[in-house]
Amino acid sequence: MHFDVIQLRKIFFLASLLAILVFIVFVNCLSHQFTYWDDNKYILNNPLVQEFSWPAVGRMFATWRVQYHQYHPLTLLSFAAEYHFFKAAAGVYIFHNLLLHAANTILVFALILILTRGRMFSAWLAAALFGVHPMHVESVAWIVERKDVLYAFFYLAALIFYSQHSRDGKSGNWTWPVFLLFIGSLLSKPAAVTLPLALLLLDYYWHGRLRCRDWLIKTPFFVLSVIFGTIGLAQRPLGLATPYPGIDQIYFGSMAVLTYLWKAVFPVQLSGFYPFPEKINGYYPAEFYAAPFVLIAVTAGLFYLARKQRLVLFGLLFFYTLILLTAGFVNLNNSLLADRYTYVAYIGLFFIAAGFWGAGEGPAVKKRRWCACGIVLLFAVMAWQRCTVWQDGITLWSDVIKKYPREVQAYRNRGSEFGRRGKFFPAWRDFNQALALDPSNPAGYNNRGYLYYEMGKWQNALADFSFSLALDPGLVIAYFNRAAVYIKIGDREKARQDYRQIIKIAPGMTAARQALEQLEKP
């Protein structure tokens, strides 16, 4: 594809406009703080990140089993560089997320420009929807979701590079550049395993069919996907997956996909956390039982309408291919769905929207384009407002509680954030509410016990830690916290017993060994 000078200037102008629009929408995020929702695991308490040296970098890439259940050394490397120069300046991390998101928006513009053979407004519209959609706020405003924006950068670059080859049907030296970009994407987030399927979709889009050679030439990509997918599955402790039976996973996965489709058009009632439904009298809400049948009907209807429209069919296949990986049909996470899972998948739907709103000429098309610009502006305002929710841990979990007032994790997390700031009464109130909703949760008693420890109420702390351990005798952190209380009240022998129990349960916990050594010194 070749453009003259005037067209290149127009492309540069539209790309610049996209970048400016994205920065205007997300600029208020730059004053935000750490939410302490996984920020401590990834950055603030992570020795792999805080030691920026060649040995530490080597450990990032060599350590595939980590406490946060994913292998993404390139993401950690970016955090390590930032921590080395800027320490815990949250705005710097968010600024780099924003830079990557702006770059990704321009890459979407370039990709759709290729797919539409130079339709500039269609490409701009798809990229603008990607850049300002409220569902994408989480991937930018949440610092640890550097994974999303970084993996998408390599993923989109690979699609652009390959689309040029696939469109022209040339056998040029495309394999190694795309393969290297694929590796970069996989090292940023395991979700990149879908890239080989996306490349096949590009082959179908350009040629209307898939040849045997299209599959064979992707073999190294599929092999790499299997390797990284296996690593990802091996990282997940058995206790991490939500213990729901398979039929429930079908209900939840179907509802998740339907919700993603709905929120692509109506991005309202967004939340940082979407809990699983509660059973009432032994049953979930009726819509969950209907969800598989509705999803089948909706999907069949969409694909029937798109059967003769390759553009629409490609967009639907792209969306479904990427979203089904995270929808929860096979292995559930700790929430029903998550805004961040749509970051790349929605490109397929935006491509369809851009094809409808941006194609053609004439007065009617101009009206549609103005309407499309109005939707972009509306989404931009909604995204700007959504950014305020991610200001810190208190605003984030207060928003979740507002939408899901019975969500235990939200109260526990907000209580921890209150406690970290020394606001003991609001923290105590949140922990009590969490325990009222789930009185058999050992982590809840441990949370409140630690709050009592911070307040100097040793007997209350002991009671909570001990009750937590009665509910879960393997909860290492409760032993560690109770030992600290025993030391405060002078009962060193009981503290030794707790540290020894920790070493028995978790031999690799060096903090317990060091504390025990200190206690056993004369």
Side-chain angles (χ1 to χ4, degrees), residues 1 60-65 69-75 77 104 107-108 110-112 114-115 147-148 150-236 303 310-311 313-327 329-331 341 343-345 347-348 351:
M1 185 182 300
M60 286 180 197
F61 286 83
T63 305
W64 64 270
R65 189 170 182 83
H69 315 306
Q70 282 191 350
Y71 178 69
H72 33 56
L74 208 55
T75 299
L77 182 59
N104 291 340
L107 288 177
V108 171
L111 176 63
I112 306 301
I114 295 170
L115 295 179
K147 298 173 291 184
D148 266 357
L150 190 58
Y151 110 83
F153 178 81
F154 293 107
Y155 197 103
L156 291 168
L159 291 180
I160 291 170
F161 201 99
Y162 182 74
S163 63
Q164 292 278 23
H165 156 82
S166 183
R167 181 195 61 191
D168 300 333
K170 296 178 181 178
S171 58
N173 294 325
W174 64 269
T175 307
W176 281 110
V178 175
F179 195 72
L180 290 174
L181 289 168
F182 183 33
I183 291 174
S185 192
L186 287 168
L187 292 175
S188 302
K189 188 175 183 179
V193 294
T194 59
L195 182 67
L197 295 174
L199 298 181
L200 287 172
L201 288 177
L202 286 173
D203 290 329
Y204 166 76
Y205 176 76
W206 290 119
H207 308 298
R209 59 191 176 91
L210 290 176
R211 300 161 295 181
C212 288
R213 67 181 301 271
D214 294 327
W215 288 91
L216 290 173
I217 206 167
K218 309 299 188 307
T219 301
F221 293 83
F222 280 108
V223 170
L224 204 57
S225 288
V226 170
I227 292 171
F228 274 81
T230 303
I231 291 173
L233 291 174
Q235 287 174 311
R236 300 177 64 85
F303 279 95
R310 197 184 303 173
L311 180 151
L313 192 57
F314 169 82
L316 287 174
L317 287 170
F318 188 92
F319 167 75
Y320 275 93
T321 298
L322 272 70
I323 208 65
L324 288 177
L325 179 70
T326 59
F329 286 103
V330 178
N331 193 9
Y341 294 155
Y343 189 71
V344 177
I347 294 173
F351 180 45

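These figures come from a predicted structure and were not determined experimentally.
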Which value, rounded to the nearest 0.5 Å, describes the distance between [X] atom [atom1] and [Y] atom [atom2]?
X    : Y    : atom1 : atom2 : result
L186 : H72  : CG    : NE2   : 13.0 Å
F161 : I114 : CZ    : CD1   : 10.5 Å
L210 : L201 : CG    : CG    : 8.0 Å
T219 : L224 : OG1   : CG    : 12.5 Å

Quick check: do [X] and [Y] have side-chain heavy atoms less than 4.5 Å from each other?
X    : Y    : result
F222 : L197 : yes
L199 : L159 : yes
S185 : Y155 : yes
L111 : S163 : yes
L115 : L311 : no

>> Could you check whether atom CZ of F153 has more than 12 heavy atoms from other residues, nucleotides or ligands sitting under 6.0 Å from it?
In response: no
Could you tell me which non-hydrogen atom of [X] sits nearest to which non-hydrogen atom of [Y], and how far apart they are?
X    : Y    : value
V108 : I347 : CG2-CD1, 3.8 Å
L107 : I160 : O-CD1, 3.3 Å
T321 : L317 : OG1-O, 2.6 Å
F318 : V344 : CE2-O, 3.4 Å
G184 : L74  : O-CD2, 3.6 Å
A192 : F182 : O-CE1, 3.1 Å

> Between the side chain of Y71 and the main-chain N/O of F61, is any donor-acceptor distance below 3.5 Å?
Replying inline: yes
> Relative to the ring of Y320, is the ring of F303 parallel (under 30°), tilted (30 to 60°) or perpendicular (over 60°)?
Replying inline: tilted
> Parallel, tilted or perpendicular for F314 and Y205, by the 30°/60° rule?
Replying inline: tilted
>> Enumerate the salt bridge (Lys or Arg N to Asp or Glu O under 4.0 Å) contacts for residues 180-190, please, sequence neighbours excluded, ordered by first and then second residue.
In response: E145-K189, D148-K189
> Should F228 and L187 be marked as a side chain to side chain contact (heavy atoms under 4.5 Å, CB included) after you check the CA-CA gap, both sets of side-chain angles, and the distance that decides it?
Replying inline: CA-CA 9 Å; F228 274 81; L187 292 175; 3.9 Å; yes
> Centres of the F179 and F221 rings: under 6.0 Å?
Replying inline: yes
> Is the closest basic N to carboxylate O distance between K218 and D203 below 4.0 Å?
Replying inline: yes
>> Can a side-chain donor-acceptor contact be found between T75 and Y151 if the only test is distance below 3.5 angstrom?
In response: no
> Going by atom types alone, do Y343 and N104 pair a side-chain donor with an acceptor below 3.5 Å?
Replying inline: yes
